[in-house]
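A short worksheet on the structure shown next.
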Amino acid sequence: MNLSDSQTAGGTPRRISAMEAVLHHLRDAIERGDYAVGDKLPSEAELCRRLEVSRPVLREALRALQTMGLTVSRTGKGTFVVSDGAAADPTFGDYTASDLLEVRRHVEIPVAGYAAVRRTPEDLDHLLHLLERMEQETDTTAWVAMDTLFHLAVAQAARNPVFRRVIEEIRDALARQSAFLNELGGRREQSNREHRAIVEALVDSSEQDAVDAMAHHLARVETTLTTIVRPQHRTAPSTEDEDHA
């Protein structure tokens, strides 16, 4: 399956991954009705053969389909179609995207402001080190792990243990959402820029700039998520890809 261009939330063309190409192909097939609600998808081995991709790539795509509410995986039985359209509110672990965003707006935006006026030199050193590592990282799994650490570090800098406990509670869901957005929305570089703006506000001890930077970051997360899950009325995978399927 060939790679093709896609768009980031900001409209910039980017090269999509093999996993995205597989996901787009399967999602299109489900939304066209090639696989109806209740149907079982072909086995992993068969899909790998048809789509000419590795099993890890296929499994990532299948996980994304499930997150989007299109399929469900039943142990020992396979993957079944449960909807002919992506859910507007996907689930990450134990929480829906809308629940996460609502809580993050009410917690992380004021937390950034508190962190700007309460942070210590050690907090700044830690955040700057994390930011530098994230800006150099190319592996999605490693980057996602550092992403959650970054948000925990901002909460730590606010000097209120309850804030950190809240972020700890949703940490797994945040990691799942972060991986989803980076794999399908090309968010990594944009996130790095947004994180740097947050850290710069903390360095300057600017409460308002920190609040604004975190609010902008969360708004971009929501925009990218909406772009990914909205109904697909865009260009399907290339004819060449369809010929390989």
Item to check | Charged N-O contact under 4.0 Å between Arg63 and Glu183 | outcome: no

Checklist outcome for this item: residues 44-81 vs ring pair (Phe, Tyr, Trp, His ring centres under 6.0 Å), sequence neighbours excluded, gives none

Checklist outcome for this item: The salt bridge (charged side-chain N to carboxylate O under 4.0 Å, His left out) partners of Arg159 (sequence neighbours excluded) come to Asp123

Checklist outcome for this item: With sequence neighbours left out, the residues meeting side chain to side chain donor-acceptor pair (under 3.5 Å) with Glu102 are none

Checklist entry - If we ignore angles and hydrogens, is there a donor and acceptor under 3.5 Å between the side chains of Ser98 and Asp89? => result yes

Checklist entry - Mind checking whether His151 and His217 have parallel, tilted or perpendicular rings, split at 30° and 60°? => result parallel

Checklist entry - With clusters built from Ile, Leu, Val, Met, Phe, Trp and Tyr whose side-chain heavy atoms come within less than 4.5 Å, directly or transitively, what are the remaining members of the cluster of Val117, listed by chain and number? => result none

Would you be so kind as to tabulate the donor-acceptor pairs closer than 3.5 Å made by side chains of residues 35-42, with sequence neighbours excluded?
unit_1: Tyr35; atom_1: OH; unit_2: Arg50; atom_2: NH1; d: 3.4
unit_1: Asp39; atom_1: OD2; unit_2: Ala36; atom_2: N; d: 2.8
unit_1: Lys40; atom_1: NZ; unit_2: Lys77; atom_2: O; d: 2.8

Next on the checklist: For Glu189, I'd like to know if atom CD has over 12 heavy atoms of other residues, nucleotides or ligands within 6.0 Å.
Outcome noted: no

Checklist entry - With sequence neighbours left out, what residues match His129 under side chain to side chain contact (heavy atoms under 4.5 Å, CB included)? => result Arg133

Item to check | Set of residues satisfying side chain to side chain donor-acceptor pair (under 3.5 Å) with respect to Ser83, sequence neighbours excluded | outcome: none

Checklist entry - What residues, two or more places apart in sequence or in another chain, satisfy salt bridge (charged side-chain N to carboxylate O under 4.0 Å, His left out) together with Glu169? => result none

Checklist entry - Going from OG1 on Thr224 to CD on Gln190, what distance comes out if it is rounded to the nearest 0.5 angstrom? => result 5.5 Å

Checklist entry - Got a sec, which residues hit salt bridge (charged side-chain N to carboxylate O under 4.0 Å, His left out) with Glu137, two or more places apart in sequence or on another chain? => result none

Item to check | Test ring pair (Phe, Tyr, Trp, His ring centres under 6.0 Å) applied to His126 - qualifying residues, sequence neighbours left out | outcome: none

Checklist entry - Of all residues at least two apart in sequence or in a different chain, which pass the salt bridge (charged side-chain N to carboxylate O under 4.0 Å, His left out) check with Arg118? => result none

Next on the checklist: Under a 3.5 Å threshold, yes or no: a donor from one side chain and an acceptor from the other, between Arg176 and Thr67?
Outcome noted: no

Next on the checklist: Could you check whether any side-chain heavy atom of Leu174 comes within less than 4.5 Å of a side-chain heavy atom of Arg104, counting everything from C-beta outward?
Outcome noted: yes

Next on the checklist: Can you classify the ring geometry of Tyr114 versus Phe163 as parallel (below 30°), tilted (30 to 60°) or perpendicular (above 60°)?
Outcome noted: parallel

Next on the checklist: Test of understanding: with side chain to side chain donor-acceptor pair (under 3.5 Å), list the residues that count as partners of Arg171, not counting sequence neighbours.
Outcome noted: none

